[in-house]
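All remarks here apply to the structure that follows.
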Amino acid sequence: MRARIERLRALEARAAAVSAQAAPVFHRRGQLLPRERVGLLLDPGRPFLPLCTLAGYLQDQADPERSVPGGGLLAGIGFVAGVRCMVVASDSGIDAGAIQPRGLEKILRVQEIALQNRLPFVHLVESAGANLMKYQVEGFVLGGGLFRNLARLSAAGVPVITVQHGSGTAGGAYMPGLSDVVIMVRGRSRAFLAGPPLLKAATGEIATEEELGGAEMHTAVSGLGEALAEDDRHALGLAREIVARTGWQAPEPVAAPEPIYAAEDLLGLMPQHHREPVDMREIVARIVDGSAFLEFKPLFGPGTVCLQAAIGTHPVGIVTNNGPIDVPGANKATHFIQWMCQLGAPIIYLQNTTGYMVGRDSEQSGMIKHGSKMIQAVTLATVPQITVQCGASFGAGNYGMCGRGFAPRFLFSWPHARTAVMGGEQAARTMQIVAEAGLARKGLAIDATEVRAQLQAQSQAIERNFEAQADAFYTSGLVLDDGVIDPRDTRAVLRFCLDTVREAERRTPHPVQFGVARM
């Protein structure tokens, strides 16, 4: 586990190092690097929860030693002038901040988090837009969701504040255009639907960047910008002042009893292989307040564990697994989810299951209908749901335990987590049985050396494919979670998310029929 955590930190550091290579250029222009901007925007000493740090890993290229994660964006929840906000920054030290495919998925995801949790959306923009050398039509079409979400945020009464640190061309110009307040930097900000090269190619007109979309033009002539800053630092200071004026300052955190058992134990409690048993109560005892919990129906369906506890004084229900989900376990979980909804307590899912129980007895007992009942309860739950993939997350167990497809409010993975429709060995053996049956129907000799070698090669290829894609770093690269976390940070991350959820419930936004229109 320590080795996996070191690998995670190394990948995150790689993105920062690649971005920092642009420091001489940025500093020569009098600009701050993206991470310097985020650091100055945030309140010092307050917690910050980075999101989707591995987005795009192994998607930009297959070499794990050269792939740069992050999707070209920095994103996370932090405090700006005492207000809990969603902060997003173009990582313009990498490819001039060009939008990457997984980066688009990342920003769409964090916009959804901001909308669900009523978080002011503070966007530090400096992007070259889409990389035309790697143009994909789906990126253009689906990219419209980014602008749709800005309108949704504004209309919902959630402030959208943009600092235009550099360029915003074509679709990128709509990021300030769909914001409530825009800050521009003298001599650096640019926003135009067509830059000078495209303008000349399309119409033959010749104009300078400043005439088309400079900061002074937009703040004095077009009205796209509200404030003109002298440099990045000044712009970030103005952004902090604007956020402070929302009056949405977070309440002071409440003291809560720490777990009796050490978080360090979490590095060794989860076995390397999902076939090895683990009592998930041991995990829970190192996460919840005072290591205290009340178990729901402990003697009924014991492979599914349902607990009531508190995290950071927030009452929560916890659903976790000590094995496959059987019929009694599915019924227990369904009852428990409904009970938590009646109490108004958020539900935490700690995934560690190989799926729903299979076999003749299970099928005859109605596993399908009882598992479906649990899936319905998860889908229709009226309280916030947060998922942590601790170990195995296989088959429909991923669904019944509130996987990504069921829209949990937040979802994080531990470094050893595995996600797949089934284990690689099972997939390979299943296809081998199917292939052998097919050969038998054709009257071919299965025991022939050549046939046996082909079946073996097929099985190995299937197993490799499944195992590679099940890895937590790979799935996180596909933005199938909100980030891989150190198990020792689980309590802090869950408490931060629960604080965010509770604060959202207490905020009173003032929705309007339309987002704030630019004047």
Are more than 12 heavy atoms, taken from residues, nucleotides or ligands other than [X], located less than 6.0 Å from that residue's [atom1] atom?
| X | atom1 | value |
| --- | --- | --- |
| Leu343 | CG | yes |
| Arg14 | CZ | yes |
| Glu276 | CD | yes |
| Arg7 | CZ | yes |
| Glu264 | CD | yes |
| Arg9 | CZ | yes |

Give a yes or no on whether the backbone of [Y] and the side-chain of [X] come within a donor-acceptor separation of less than 3.5 Å.
| X | Y | answer |
| --- | --- | --- |
| Asp481 | Gly483 | yes |
| Thr475 | Leu480 | no |
| Glu126 | Gly97 | no |
| Ser19 | Ala15 | no |
| Thr53 | Gly70 | no |

What I'd like to find out is whether the side chain of [X] reaches to under 4.5 Å of the side chain of [Y], using heavy atoms alone.
| X | Y | result |
| --- | --- | --- |
| Thr320 | Ile283 | no |
| Asp482 | Arg404 | yes |
| Ile183 | Ile242 | yes |
| Pro509 | Trp248 | yes |
| Pro408 | Ile386 | no |
| Ile5 | Pro487 | yes |
| Gln389 | Thr419 | yes |
| His335 | Lys332 | no |

List for me each residue that meets side-chain contact (heavy atoms from CB on, under 4.5 Å) alongside [X], sequence neighbours excluded, and say none if there are none.
| X | value |
| --- | --- |
| Gln61 | Asp63, Arg66, Ser67 |
| Ala96 | Ala128 |
| Leu73 | Val88, Lys106, Ile107 |
| Glu282 | Leu269, Asp279, Arg286 |

Taking only residues two or more places apart in sequence, or in another chain, which ones meet [X] in a side-chain hydrogen bond (donor to acceptor under 3.5 Å, both in side chains)?
| X | value |
| --- | --- |
| Arg240 | Asp43 |
| Ser291 | none |
| Tyr356 | none |
| Asp361 | none |

Considering all heavy atoms of both residues, which atom of [X] and which atom of [Y] are nearest to each other, and what is their separation?
| X | Y | answer |
| --- | --- | --- |
| Leu153 | Gln111 | CD2-O, 4.2 Å |
| Thr162 | Ser179 | OG1-OG, 2.7 Å |
| Ile325 | Met367 | O-SD, 3.7 Å |
| Leu146 | Leu108 | N-CD2, 3.3 Å |
| Pro69 | Leu11 | CG-O, 3.4 Å |
| Phe410 | Thr500 | CZ-CG2, 4.4 Å |

Which side-chain N or O atoms in residues 116-125 pair as donor and acceptor under 3.5 Å with protein atoms at least two apart or in another chain?
unit_1, atom_1, unit_2, atom_2, d
Asn117, OD1, Arg409, NH1, 2.8
Asn117, ND2, Ile113, O, 2.9
Arg118, NH1, Ala504, O, 3.0
Arg118, NH1, Arg507, O, 2.8

Could you tell me whether [X] and [Y] make a salt bridge, using a distance below 4.0 angstrom between a side-chain N and a carboxylate O?
| X | Y | answer |
| --- | --- | --- |
| Glu105 | Arg102 | yes |
| Glu112 | Arg109 | no |
| Glu503 | Arg506 | no |

What's the spacing between [X] [atom1] and [Y] [atom2] if we round to 0.5 Å?
| X | Y | atom1 | atom2 | answer |
| --- | --- | --- | --- | --- |
| Cys390 | Tyr349 | SG | OH | 14.5 Å |
| Asp489 | Trp414 | CG | CH2 | 11.0 Å |
| Phe496 | Arg84 | CZ | CZ | 4.5 Å |
| Ile375 | Thr334 | CD1 | OG1 | 9.5 Å |
| Leu115 | Arg152 | CG | CZ | 5.0 Å |
| Gln351 | Ile348 | CD | CD1 | 12.5 Å |

| said: Could you work out, with ring-ring contact (aromatic ring centres under 6.0 Å, His included) as the rule, every residue matching His416, not counting sequence neighbours? | reply: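 Not a single residue meets the ring-ring contact (aromatic ring centres under 6.0 Å, His included) criterion with His416.
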
| field | Aromatic Phe473 / basic Arg4 pairing, under 6.0 angstrom, 45° off normal | value | yes

| request: Could you tell me whether the side chains of Gln100 and Gln59 share a donor-acceptor contact shorter than 3.5 Å? | output: no

| Polar contact flag, side-chain donor to acceptor under 3.5 angstrom, His370-Lys373 |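 Looking only at side-chain atoms, Lys373 and His370 do form a donor-acceptor pair, the distance falling under 3.5 Å.
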
| request: Indicate the ring-plane relationship of Phe336 and Phe296, choosing parallel, tilted or perpendicular according to the 30° and 60° boundaries. | output: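 Ring orientation, 0 to 90° scale: tilted.
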
| According to the interplanar angle, ranging from 0 to 90°, do the rings of Tyr399 and Phe406 count as parallel (below 30°), tilted (30 to 60°) or perpendicular (above 60°)? | tilted

Between side-chain atoms of residues 299-318 and protein atoms elsewhere (two or more places apart, or another chain), which donor-acceptor pairs fall under 3.5 Å?
unit_1, atom_1, unit_2, atom_2, d
Gln308, OE1, Trp339, NE1, 3.3
His314, NE2, Asp499, OD1, 2.5

| query | For Leu478 and Leu58, what are the C-alpha separation, side-chain angles and deciding distance, and is it a side-chain contact (heavy atoms from CB on, under 4.5 Å)? | reply | CA-CA 9 Å; Leu478 294 172; Leu58 296 180; over 6 Å; no

| query | Under the salt bridge (Lys or Arg N to Asp or Glu O under 4.0 Å) test, which residues partner Asp486, sequence neighbours left out? | reply | Arg488

| query | Would Met401 and Val388 satisfy side-chain contact (heavy atoms from CB on, under 4.5 Å), going step by step from the backbone distance to the final call? | reply | CA-CA 10 Å; Met401 289 295 293; Val388 181; over 6 Å; no

